[in-house]
Amino acid sequence: MMAGIAVSTNINSDNAEFLCHADETLLDVLRDRLGLMGAKEGCGTGDCGACSIILDDRLVCSCLVLGAEAEGGRIETVEGMAQGDQLHPLQQKFLEHAALQCGICTPGFLIAAKDLLAKNPDPTEEEIRFGLAGNLCRCTGYDKIVRAVQDAAGVMRGADHEF
Ligand code: FES
Ligand code: FES
């Protein structure tokens, strides 16, 4: 069956247009049509956060959004976090704190943490744990992730530009 719906969006500050089926998820569009493989499919039912993206300044599970619903939307994915070869502070701190093992959950955590810090630049540990509660990791035990986010938050508060 031919893809039928034409959708115009902005992804990581670039205009992006695609065709999709009416029942196709935004996650599938990102991965299969646009080659943005950062968002992962863990569960497909909104329970794991591996597919997290930011759509119009809201953190969403892209497995629960239809591609067609992104019409006119502004999308941020993990691919947009680094600037050239300069990692985002969250990415840098995840590496330094060994906050990833298999890495399946990592793009989702990074995007969720970016959204959290945009709304709360100086979160407590409890606020970080609450803010990332929609993201599951079966490898790290979460403590390293929380420390990486705390550390990155400090770097970002001290920076002279926004991330
Ligand atoms: S794949 Fe979307 S929440 Fe798990
Ligand atoms: S690093 Fe493996 S699921 Fe989080």
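Scope of the values below: all heavy atoms of this structure, side chains included, with no hydrogens, waters or symmetry mates. Indexing begins at 1, ligand by ligand and atom by atom, following the structure's order. Bear in mind the structure is a predicted one, so any value in this text is a computation, not a measurement.
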CG of Leu132 to SG of Cys137, rounded to nearest 0.5 Å, is 11.0 Å
CD (Glu76) and CD1 (Ile53) are apart, to the nearest 0.5 Å, by 9.5 Å
Next item on the list: Give a yes or no on whether Met81 and Leu55 share a hydrophobic cluster (residues Ile, Leu, Val, Met, Phe, Trp, Tyr; joining criterion: side-chain heavy atoms under 4.5 Å apart).
Entry: no
Report task. Decide if atom CZ of Arg157 counts as having more than 12 heavy atoms of other residues, nucleotides or ligands within a radius under 6.0 Å. Result -> yes
Taken by chain and residue number, the protein N/O/S atoms under 2.8 Å from atom 2 (Fe) of ligand 1 read Cys51 SG, Cys63 SG
Joint cluster assignment, Val155 & Leu100, ILVMFWY side-chain distance < 4.5 Å:
no
Original post:
Would you say Ile104 and Leu27 are hydrophobically clustered, going by side-chain heavy atoms of ILVMFWY under 4.5 Å?
Top reply: no
Near atom 4 (Fe) of ligand 2 (protein N/O/S, cut-off 2.8 Å, waters excluded) we have Cys105 SG, Cys137 SG
Between Cys48 and Gly42, the two heavy atoms sitting closest are SG-CA, 3.6 Å
Are any of the side-chain heavy atoms of Met156 and Pro89 separated by less than 4.5 Å?
yes
Give a yes or no on whether Lys40 atom NZ has more than 12 heavy-atom contacts from other residues, nucleotides or ligands under 6.0 Å away.
yes
